Student: 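Questions regarding the structure given below will be posed in turn.
It should be emphasised that the depicted structure is a prediction, and the values quoted were computed from it without experimental measurement. Computed over heavy atoms, backbone and side chain alike; hydrogens, waters and symmetry mates excluded.
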Amino acid sequence: MTTTHIFGGLENQLFQYCCGRALSLRHNVKLRLLWDGREQENITTRRFDLGHFDIRSEVISV
């Protein structure tokens with residue numbers, strides 16, 4: 001299983017998802033997204049914007 005930590009705005013979230021998805025397809029394993037809505041540097045709260053897309057993976061909120 002490939003686990004990708006998702007954070008930041010929509011563009012960052014899309015990039016992180018695409019990288020994780022590519023790895024999971026290359027290794028033929030499932031993809032799991034680890035979501036933490038807080039930014040590490042300044043503790044800004046963000047939304048999980050990937051829910052607007054047809055994302056087929058397990059999402060775990062921390």
Side-chain angles (χ1 to χ4, degrees):
M1 178 174 290
T2 299
T3 302
T4 301
H5 184 196
I6 302 293
F7 59 93
L10 176 59
E11 291 180 30
N12 288 333
Q13 293 178 28
L14 285 170
F15 179 79
Q16 294 154 7
Y17 168 74
C18 289
C19 289
R21 179 77 173 142
L23 279 172
S24 70
L25 290 174
R26 179 174 293 170
H27 297 288
N28 197 28
V29 294
K30 292 184 179 183
L31 174 62
R32 178 173 57 184
L33 304 177
L34 182 62
W35 167 248
D36 183 0
R38 297 173 294 145
E39 289 291 327
Q40 299 300 322
E41 298 156 2
N42 57 6
I43 311 299
T44 302
T45 303
R46 298 283 191 153
R47 295 182 316 178
F48 181 76
D49 291 323
L50 294 179
H52 299 288
F53 302 96
D54 187 22
I55 304 291
R56 297 182 183 154
S57 65
E58 178 184 7
V59 178
I60 298 172
S61 294
V62 179

Student: Contact between Ile55 and Leu33 at the side-chain level, heavy atoms closer than 4.5 Å - yes or no?
Tutor: yes
Student: Tell me the closest heavy-atom pair linking Thr4 and Gly20, and the distance in Å.
Tutor: OG1-CA, 3.3 Å
Student: Is it true that Leu25 and Tyr17 fall in one hydrophobic cluster, defined by side-chain heavy atoms closer than 4.5 Å?
Tutor: no
Student: Do you know the tightest heavy-atom contact between Ile6 and Phe48?
Tutor: CG2-CE1, 4.3 Å
Student: How many angstroms lie between CG in Leu23 and OG1 in Thr3, if you round to the nearest 0.5 Å?
Tutor: 11.0 Å
Student: If you measure from OG on Ser57 to CG on Leu50, what distance do you get to the nearest 0.5 Å?
Tutor: 8.0 Å
Student: Nearest heavy-atom pair of Trp35 and Phe7: which atoms, and what distance?
Tutor: CZ3-CA, 4.1 Å
Student: Taking a hydrophobic cluster as the set of Ile, Leu, Val, Met, Phe, Trp and Tyr residues connected by side-chain heavy atoms closer than 4.5 Å, whether directly or through intermediates, do Phe15 and Leu31 fall within one such cluster?
Tutor: no
Student: How far apart are the closest heavy atoms of Asp49 and Gln13, and which atoms are they?
Tutor: N-OE1, 2.9 Å
